[in-house]
Amino acid sequence: MFEYKTKAQQKKFYRSSEWIVKTKEIKHRDNYECQECKRQGRVYTDKHDPDKHKRLDVDHIKELEDYPELALDDDNLETLCVRCHNKKHNRFKHQYKKPKWDDEWW
């Protein structure tokens, strides 16, 4: 059984050929649509997006480090847009400050 507790172990897994093939399969299965957006009644897809930037991720529903046995299990994987994936993991690249004038009385 593999273990994915350290960042190095996780990085090695996410660069493996098995993971790369699996992400392509899962995105195709999910019709290149964010499944969380879909649950919320929105549609987010990048199937025909010519932009080279990554817009969709494949997410482990049960975390890789806690459930290594489910690392490549189709039932534990879903396609998410980067925004939903970051929201799920509470990762935000840009933290916006509240404008200072919101608290001031005019």
Side-chain angles (χ1 to χ4, degrees):
M1 166 94 60
F2 292 105
E3 209 174 72
Y4 305 109
K5 298 286 184 190
T6 69
K7 292 288 183 194
Q9 291 169 329
Q10 292 172 14
K11 189 181 232 183
K12 184 176 179 181
F13 170 75
Y14 287 123
R15 290 183 174 174
S16 72
S17 59
E18 293 87 5
W19 176 249
I20 292 167
V21 168
K22 183 57 74 173
T23 60
K24 290 177 183 176
E25 290 173 6
I26 297 301
K27 287 178 184 180
H28 180 74
R29 178 200 70 188
D30 292 343
N31 200 31
Y32 300 90
E33 295 176 338
C34 173
Q35 300 304 294
E36 181 59 28
C37 285
K38 202 173 187 178
R39 285 189 285 273
Q40 302 297 322
R42 299 185 311 261
V43 176
Y44 183 91
T45 180
D46 77 347
K47 185 172 183 176
H48 302 292
D49 190 350
D51 190 357
K52 293 182 181 179
H53 297 291
K54 186 168 130 180
R55 304 258 187 223
L56 292 175
D57 286 333
V58 173
D59 178 54
H60 288 94
I61 298 167
K62 293 183 179 179
E63 297 303 321
L64 178 64
E65 61 188 48
D66 299 327
Y67 299 92
E69 68 277 9
L70 300 177
L72 296 170
D73 185 341
D74 288 359
D75 293 333
N76 189 47
L77 299 171
E78 68 178 345
T79 303
L80 295 178
C81 66
V82 172
R83 183 176 182 179
C84 287
H85 197 196
N86 286 341
K87 186 175 179 182
K88 176 183 175 186
H89 294 289
N90 202 21
R91 299 182 296 224
F92 294 98
K93 188 173 182 178
H94 301 288
Q95 293 286 336
Y96 295 102
K97 292 182 181 178
K98 187 176 178 183
K100 68 179 183 175
W101 55 84
D102 279 359
D103 293 328
E104 294 178 0
W105 179 255
W106 289 79

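Predicted model, so just to flag it, every value in this text is computed and none were measured.
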With sequence neighbours left out, the residues meeting side-chain hydrogen bond (donor to acceptor under 3.5 Å, both in side chains) with K88 are D59
For I61, side chain to side chain contact (heavy atoms under 4.5 Å, CB included) partners two or more places apart
N76, E78
My understanding is that a hydrophobic cluster links ILVMFWY residues whose side chain heavy atoms are under 4.5 Å apart, including indirect links. Using that, what else belongs to the cluster containing L70?
Y67
For the SG atom of C34 and the CZ atom of R55, what is their distance to the nearest 0.5 Å?
13.5 Å
What closest approach, in Å, do L56 and K27 show between heavy atoms, and which atom pair accounts for it?
O-NZ, 3.4 Å
Listed by chain and number, what are the side-chain hydrogen bond (donor to acceptor under 3.5 Å, both in side chains) partners of T6, not counting sequence neighbours?
Q9
Taking it one step at a time, do R29 and I26 satisfy side chain to side chain contact (heavy atoms under 4.5 Å, CB included)?
CA-CA 5 Å; R29 178 200 70 188; I26 297 301; 3.6 Å; yes
Answer yes or no: is there a side-chain heavy-atom contact under 4.5 Å between T79 and E33?
no
Between SG on residue C81 and CD on residue Q35, distance to nearest 0.5 Å:
10.5 Å
Could you walk me through whether H89 and E63 pass the side chain to side chain contact (heavy atoms under 4.5 Å, CB included) test, one step at a time?
CA-CA 10 Å; H89 294 289; E63 297 303 321; 3.1 Å; yes
Following the transitive rule for hydrophobic clusters with a side-chain heavy-atom cut-off under 4.5 Å over Ile, Leu, Val, Met, Phe, Trp and Tyr, establish whether L64 and F2 coincide in one cluster.
yes
Show your working on side chain to side chain contact (heavy atoms under 4.5 Å, CB included) between C84 and R42 and close with a plain yes or no.
CA-CA 12 Å; C84 287; R42 299 185 311 261; 4.2 Å; yes
Can you list the residues that meet the side-chain hydrogen bond (donor to acceptor under 3.5 Å, both in side chains) rule with Y14, with sequence neighbours excluded?
H60
Salt bridge (Lys or Arg N to Asp or Glu O under 4.0 Å) contacts in which one or both residues fall within residues 9-22, not counting sequence neighbours
K22-E25, K22-D74
Taken to the nearest 0.5 Å, the spacing of D66 CG from K5 NZ works out to 5.5 Å
Please answer: with hydrophobic residues joined when any side-chain heavy atoms are less than 4.5 Å apart, are Y4 and W19 in the same cluster?
yes
Rounded distance (nearest 0.5 Å) linking atom CG of D57 with atom OG1 of T23:
9.5 Å
